[in-house]
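Only this structure's heavy atoms are used, side chains among them; waters, hydrogens and symmetry mates stay out. In each ligand, atom 1 is the first atom listed, and ligand 1 is the first ligand listed.
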Amino acid sequence: DIDELLSDGIKATPPSFVRSILKAASDPEVTSFAGGLPNPISFPQEKLLESMERVVAEQGAKAFQYSATAGIDELRQWVADRYNHRFGTDYVADDVLITTGSQQILDLLGKVLLDKGDGVIVEKPTYLAAIQAFALNQPAFYEVELTDEGLDIDELNAALDAGAKMIYLIPNFQNPTGLTYTAEGRRQVREALRGRNIVVVEDDPYGELRFEGESLPYIGGTNLPHGVVMGSFSKTVTPGFRMGYLLTKDHELLRTVSIAKEAADLHTNVFSQYVVYDYLTHNSLDEHLVKIRDLYGAQARAMVEAMAEYFPAEVSYTVPEGGMFLWVTLPESVDTMELFDKALARNVAFVPGAPFYAEPGARSTMRLNFTNADEDTIRDGIRRLAEVIAAALDA
Ligand code: PMP
């Protein structure tokens, strides 16, 4: 019986609900707001092909050989420069670790920091694959309510007093809610964390996808001693290459994360690193980003307008300034896990809220993705979803 052979860690780790429903949602008849896929417009395929050819010609065997765990120096320097340009920070290449997707960072940080029962503070709700990555180490999850401004500060202080080793935050266009911390919200969280011995992880794969408003500085980043910022090329260039990175000035922490990475995979795919670096230096990422932001901004507006028109008045929703998702809250009588099947029968799919909470329970929330359907399809899908919701409220 394999069950007797499995580790406690894997037994404590839930499967990804999103990945399990993607099959149902991929039926061409279904309007899917369930996935988390970037729109293929964001993949610069022809330019990447040019880069691949140049990399083979110019780097030769280097692009096919084993390489350094930290990543290639050119790309680490590029990442540092980009953050310094955007935020006025003073990162150097040695502050950067290139990883196999930013997802790997969650796995590595979990291994480096968390023993069974150790506290990790997460947003309520949070990114479900972060819950998975941390769950392998069987930590104690402390959920802190996410608000329109940032975090509930009383809950945050209570969780900090209970003693946590790490706090995991998604400050921009959060997955799943689409919420962004305000400048004041960031300041309050920073002040609550100041003087505490805790690793402050800010996961920011969507930061460059802002279609409204101005970028805001990180809470920790270079402001707090154990600040870690996570980034990714998945939403800006391609998720298929699995290219992510972390930035931190805490080199003692970085050294341990690098050891965990050596153990996990020796180093990140080096051909992909050279290709992405070549792409970034031969093309304008900023021009490419304008296309993505314009598209996602229009799609988000179409979804918000359709919700305003069709959703029953008791239903509330977030209005994101960027990213790929928004969040819908229904009256508590509605369990969105049950609503999922009814919506699928009307050929519309969403992700029920439950898997985004570290503590289990029935929920009346749902995540909607707006990046993978055109505006007319979004409008029509929201109309059908509204009918399913209205029927559930009447029942
Ligand atoms: N963090 C968050 C909040 C995400 O939404 C995602 C992608 N869905 C990731 C991390 C992982 O992205 P990747 O590994 O492709 O960089």
Side-chain angles (χ1 to χ4, degrees), residues 15-22 25 32-40 42-43 71 75 79 82 96-110 120-136 146 166-181 200-210 218-219 228-247 257 261 264-265 268-269 272-273 276 280 292 296 318 320-327 350-351 353 355-358 367-372:
S16 167
F17 186 76
V18 174
R19 295 198 154 250
S20 72
I21 64 172
L22 278 185
S32 179
F33 302 134
L37 304 182
N39 193 295
S42 66
F43 314 151
L75 187 59
V79 169
R82 178 119 188 135
V96 179
L97 174 69
I98 307 292
T99 56
T100 300
S102 58
Q103 184 67 32
Q104 183 177 44
I105 303 163
L106 301 171
D107 178 58
L108 300 178
L109 286 171
V120 53
I121 301 175
V122 295
E123 296 161 330
K124 181 185 180 183
T126 189
Y127 173 47
L128 76 88
I131 299 176
Q132 277 189 309
F134 301 151
L136 274 166
L146 199 56
M166 163 165 59
I167 179 168
Y168 169 70
L169 307 171
I170 310 163
N172 300 313
F173 333 121
Q174 197 231 22
N175 182 3
T177 62
L179 289 171
T180 296
Y181 291 51
V200 179
V201 181
E202 285 169 273
D203 184 5
D204 192 22
Y206 305 104
E208 299 258 27
L209 306 185
R210 181 182 272 282
Y218 291 105
I219 293 160
V228 175
V229 171
M230 297 170 47
S232 176
F233 291 108
S234 290
K235 313 295 163 25
T236 52
V237 183
T238 165
F241 281 12
R242 312 302 305 119
M243 295 278 289
Y245 48 85
L246 71 77
L247 301 109
V257 174
K261 181 163 170 69
D265 64 357
T268 300
N269 184 319
S272 300
Q273 293 186 65
V276 165
L280 295 167
I292 306 174
Y296 291 4
T318 60
E321 295 178 352
M324 305 190 353
F325 306 106
L326 57 79
W327 188 245
F350 59 83
V351 186
F356 298 102
Y357 296 88
R367 187 190 77 175
L368 299 181
N369 164 268
F370 50 77
T371 61
N372 264 289

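Scanning the protein heavy atoms around atom 9 (C) of ligand 1, the nearest turns out to be Tyr127 OH, 3.4 Å. The protein non-hydrogen atom at the shortest distance from atom 3 (C) of ligand 1 is Asp203 OD2, 3.3 Å.
Heavy atoms only, all atoms of each residue included: Val351 and Pro355 are closest at CG1-CG, 4.5 Å. Across all their heavy atoms, Arg210 and Phe173 have their closest contact at CB-CZ, 3.5 Å.
Distance alone, capped at 3.5 Å, places no donor-acceptor pair between the Arg367 side chain and the Thr177 backbone. Between the side chain of Tyr296 and the backbone N or O of Asn39, at least one donor-acceptor pair lies under 3.5 Å. In terms of modelled atom types and a separation under 3.5 Å, the side chain of Thr100 and the main chain of Arg242 share no donor-acceptor contact.
Those atoms of ligand 1 that come under 4.0 Å of a heavy atom in Ser102, given as number and element, are 9 (C), 10 (C), 11 (C), 12 (O), 13 (P), 14 (O), 16 (O). For ligand 1, the atoms lying closer than 4.0 Å to a non-hydrogen atom of Ser234 are 13 (P), 15 (O), 16 (O). Atoms of ligand 1 found under 4.0 Å from any heavy atom of Arg242 (numbered from 1 in listed order, with element): 13 (P), 14 (O), 15 (O). Atoms of ligand 1 found under 4.0 Å from any heavy atom of Gly101, numbered from 1 in the order shown, are 14 (O), 16 (O). Near Pro205, meaning under 4.0 Å from one of its heavy atoms, ligand 1 places the atoms 1 (N), 2 (C), 3 (C), 4 (C). Contact atoms of ligand 1 toward Ser232: 13 (P), 16 (O) (distance under 4.0 Å to a heavy atom of the residue).
For the ligand labelled ligand 1, residue Tyr206 lies inside the 4.0 Å heavy-atom shell. The shell of residues lying under 4.0 angstrom from ligand 1, judged by heavy atoms, includes Lys235.
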Where do Tyr181 and Glu202 land on the side-chain hydrogen bond (donor to acceptor under 3.5 Å, both in side chains) test, with the steps shown first?
-> CA-CA 12 Å; Tyr181 291 51; Glu202 285 169 273; over 6 Å; no

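For the atom pair CG (Leu128) and CZ (Phe356), the distance works out to 5.0 Å, reported to the nearest 0.5 Å.
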